[in-house]
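Working notes, beginning with the structure itself.
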Number of protein chains: 2
Amino acid sequence: MLNERSLAITQECQDCPIRHRAVCARCESDELERLEEIKYYRKFEAGQTVIWSGDRMDFVGSVVSGIATLTQTMEDGRTQMVGLLLPSDFVGRPGRNTAAYDVVATTDMVMCCFRKTPFEEMMSRTPHIAQRLLEMTLDELDAAREWMLVLGRKTAREKIASLLTIIARRDASLKLNTIDGPLVFDLPLTREAMADYLGLTLETVSRQISALRKDGVISLEGKRHVTVPDFNRLLDEAGDDADGGMFA
Amino acid sequence: MLNERSLAITQECQDCPIRHRAVCARCESDELERLEEIKYYRKFEAGQTVIWSGDRMDFVGSVVSGIATLTQTMEDGRTQMVGLLLPSDFVGRPGRNTAAYDVVATTDMVMCCFRKTPFEEMMSRTPHIAQRLLEMTLDELDAAREWMLVLGRKTAREKIASLLTIIARRDASLKLNTIDGPLVFDLPLTREAMADYLGLTLETVSRQISALRKDGVISLEGKRHVTVPDFNRLLDEAGDDADGGMFA
DNA sequence: CGCGATCTTGATTCGTCTCAATCGGGGTGG
DNA sequence: CCACCCCGATTGAGACGAATCAAGATCGCG
């Protein structure tokens with residue numbers, strides 16, 4: 001069921017693509033070596049559940065490549081996405097042993113895992129790790145609060161525009177695509193996943209995307225490939241103050 | 001304007017009411033002594049703004065008594081509360097020097113403050129502080145994610161019930177009121193503040209409170225004093241699984 | 001080529017917002 | 001001491017936006 005193919009993947013921390021952004025970012029080379037001893041890779045396929053909410057969680061780790069989602073579900077099936085895990089993001093909570101959310105890989109994904117207990121021990125002896133984890137957690141808290149404004153106060157159209165903004169920003173930061181020209185990227189989520197993120201139905205998501213297309217804010221090629229001719233126009237539709245830091 | 005009356009208040013950390021829950025919870029007595037040297041108290045009146053979003057923030061601190069709110073505002077005035085700060089909660093973000101949110105005291109409030117730079121220095125030399133701050137930040141992140149489900153997926157009635165649940169829980173934990181009998185507490189927020197927390201209008205808040213009263217889920221004395229005859233009934237209305245840990 | 005999954009579009013319903021009037025309690029000043 | 005005022009809360013009527021229910025359209029894939 002877990003479809004483990006960990007064996008195939010091995011990597012030196014030094015060459016790791018998330019070396020400078022993950023929880024290990026501040027580690028010195030000797031600290032890295034000790035991490036290297038306790039780490040192992042796991043691969044997940046698109047659609048596969050990494051952890052179920054409530055399950056015993058005996059590892060933590062970092063997303064190396066691919067995308068995962070964090071979701072909460074009510075008894076009657078209503079679901080809300082509460083986090084989007086991108087490469088370098090941390091999964092799991094030191095000091096807690098059951099998962100609070102469902103974690104699902106939405107694309108093929110590779111994780112760099114640590115068994116929880118050895119990691120916790122190492123964390124208590126390695127301030128560089130704890131410091132970095134604090135920093136990352138504070139960033140996530142800011143992102144969650146930002147998202148609370150989206151969920152609580154924005155219209156459906158603004159919600160879609162906000163999501164596109166976030167995806168566009170992230171994509172630009174990966175591709176160093178800082179030119180002011182049109183932004184081009186792929187949506188990493190289905191309409192339904194977008195709806196779960198935005199607190200909408202998938203029909204409303206579809207309608208609002210169509211509306212933004214009709215109004216020339218975006219253009220689509222297929223269902224996933226998006227072009228944004230004017231990023232400031234998109235920011236405007238999101239209801240954010242112009243250039244929220246990215247092009248400052 | 002800042003209405004400083006700090007002078008009047010002095011307190012030994014040992015006797016501090018939030019000693020065992022705040023950011024200093026894990027400190028040894030020698031560490032406490034050093035904190036004692038750099039701390040100072042500030043008093044705020046109900047309604048007073050502690051910090052404006054975007055302002056330079058040169059202190060951090062803990063709420064000692066009273067309640068404050070964390071809010072975000074869009075240009076057109078729509079506002080969303082993103083945090084409720086209760087005694088022992090931490091204000092400010094080490095490593096950042098402008099405030100990301102408005103902080104407003106909703107009751108008279110006392111804060112235990114530290115100038116940011118000395119606190120940051122002390123934190124880097126005192127793992128006990130950093131550890132506790134990480135733990136508190138992880139808790140806040142969980143709370144924020146819990147709230148995302150409320151904002152994104154719950155109905156107005158469920159939102160009100162969820163808020164009452166949270167306030168009742170907190171109140172019970174303070175008063176050690178663990179009997180199964182009726183819970184009694186005061187709402188620390190106006191209808192408008194509740195609306196800002198819940199992503200609703202104040203009219204809808206008022207209507208739903210009336211509806212819950214009419215249906216016997218709660219009873220009111222005046223506008224703020226609430227009695228909950230059956231807590232499980234309230235949990236049910238909130239859409240949560242029965243007894244979310246409190247009476248487990 | 002046809003099947004299924006995903007997405008789009010339409011018609012209608014339902015919930016919450018908006019606008020507006022009224023109520024009630026606590027404090028103030030006459 | 002009481003009338004008044006002000007602020008917060010309540011209640012109502014109507015409008016609007018998103019959900020729901022229901023067909024189809026498009027794409028990828030076997």
Side-chain angles (χ1 to χ4, degrees), chain A residues 45-48 69 74 76-80 104 106-108 150-164 186-215 218-226 237 239, chain B residues 45-47 69 74 76-80 104 106-107 150-164 186-215 218-226 237 239:
Chain A
E45 292 178 6
Q48 201 180 341
T69 63
M74 295 170 66
D76 62 8
R78 283 176 282 178
T79 75
Q80 174 66 50
V104 179
T106 59
T107 65
D108 287 353
V150 173
L151 290 173
R153 292 304 187 189
K154 292 196 177 180
T155 64
R157 170 184 267 242
E158 288 170 333
K159 285 179 175 180
I160 298 289
S162 297
L163 180 56
L164 293 176
D186 285 305
L187 294 172
L189 302 173
T190 65
R191 299 291 186 266
E192 186 178 19
M194 293 173 71
D196 284 344
Y197 203 172
L198 297 166
L200 297 171
T201 59
L202 68 90
E203 294 95 325
T204 298
V205 170
S206 186
R207 272 186 251 276
Q208 296 299 336
I209 289 181
S210 297
L212 288 175
R213 184 168 44 70
K214 215 160 284 173
D215 296 345
I218 58 172
S219 63
L220 282 176
E221 214 161 329
K223 296 155 192 300
R224 298 293 194 96
H225 198 71
V226 179
E237 292 286 354
Chain B
E45 293 178 5
T69 61
M74 296 171 66
D76 61 8
R78 282 177 282 177
T79 74
Q80 175 65 49
V104 179
T106 60
T107 66
V150 173
L151 289 173
R153 292 302 186 191
K154 292 197 177 178
T155 64
R157 171 184 265 243
E158 289 170 334
K159 285 179 175 180
I160 297 289
S162 298
L163 180 56
L164 292 176
D186 285 305
L187 294 173
L189 301 173
T190 65
R191 300 289 185 267
E192 185 178 20
M194 294 173 70
D196 283 345
Y197 204 172
L198 296 165
L200 297 171
T201 58
L202 68 92
E203 293 96 327
T204 299
V205 169
S206 186
R207 272 186 251 275
Q208 296 299 335
I209 288 181
S210 297
L212 287 175
R213 182 169 44 71
K214 215 160 286 172
D215 296 346
I218 59 174
S219 63
L220 280 177
E221 213 163 330
K223 297 154 191 300
R224 298 292 196 95
H225 198 71
V226 179
E237 292 286 355

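To find a chain, count down the sequence lines: A is the first, B the second, and so on, and within it residues start at 1. Treat the numbers as computed from the prediction; the structure is a model and nothing was measured. These values consider heavy atoms only, across backbone and side chains, with no hydrogens, waters or symmetry-generated copies.
A salt bridge is defined here as a Lys NZ or Arg NE, NH1 or NH2 lying under 4.0 Å from an Asp or Glu carboxylate O, and A:K159 with A:E237 fails to meet this definition. Looking at B:R157 and B:D215, a side-chain N of the basic residue comes within less than 4.0 Å of a carboxylate O on the acidic one, giving a salt bridge.
Look at A:R191 and you'll find a side-chain N or O under 4.0 angstrom from OP1 or OP2 of C:dT8.
Counting any heavy atom pair closer than 4.0 Å across all strands shown, A:R224 reaches sugar-phosphate atoms only and no base atom. Base contact: B:S206 has a heavy atom under 4.0 Å from a base atom. When heavy atoms are screened at a 4.0 angstrom cut-off, A:T190 is found touching the sugar-phosphate backbone but no base atom. If you check every strand for non-hydrogen atoms under 4.0 Å, B:L200 touches sugar and phosphate atoms only.
Listed here is the closest heavy atom pair of B:E158 and A:M74: OE2-CE, 4.3 Å. Considering every non-hydrogen atom in both A:Y197 and A:L151, the closest pair reads O-CD2, 3.6 Å.
We find that CG of B:L220 is positioned 14 Å from C1' of D:dG8, with the value rounded to whole Å. Across the protein-nucleic acid pair, A:Q208 atom CD and C:dC7 atom P stand 16 Å apart, rounded to whole Å. Rounded to a whole Å, the CG atom of A:L202 is 13 Å from the C1' atom of D:dA22.
When the nucleotides D:dA19, D:dC27, C:dT16 are ranked by their closest atom to the side chain of A:T204, D:dA19 comes out on top. In this structure, of C:dC7, D:dT11, C:dT16, it is C:dC7 that holds the atom nearest to the side chain of A:K223. Among D:dA18, C:dT9, D:dT11, the nucleotide with an atom closest to any side-chain atom of A:S210 is C:dT9.
Counting distance only, with no hydrogens placed and no angle test, the side-chain atoms of B:E203 and the base atoms of C:dC19 include a donor-acceptor pair under 3.5 Å. Taking only distance into account, the side chain of B:R207 meets the base of D:dG12 through a donor-acceptor pair shorter than 3.5 Å.
A residue-by-residue look at A:G222 and A:G199 shows that A:G199 has its nearest nucleotide of DNA chain D further toward the 5' end.
No option in A:D196, A:T79, A:D76 other than A:D196 meets the side-chain hydrogen bond (donor to acceptor under 3.5 Å, both in side chains) test with B:R153.
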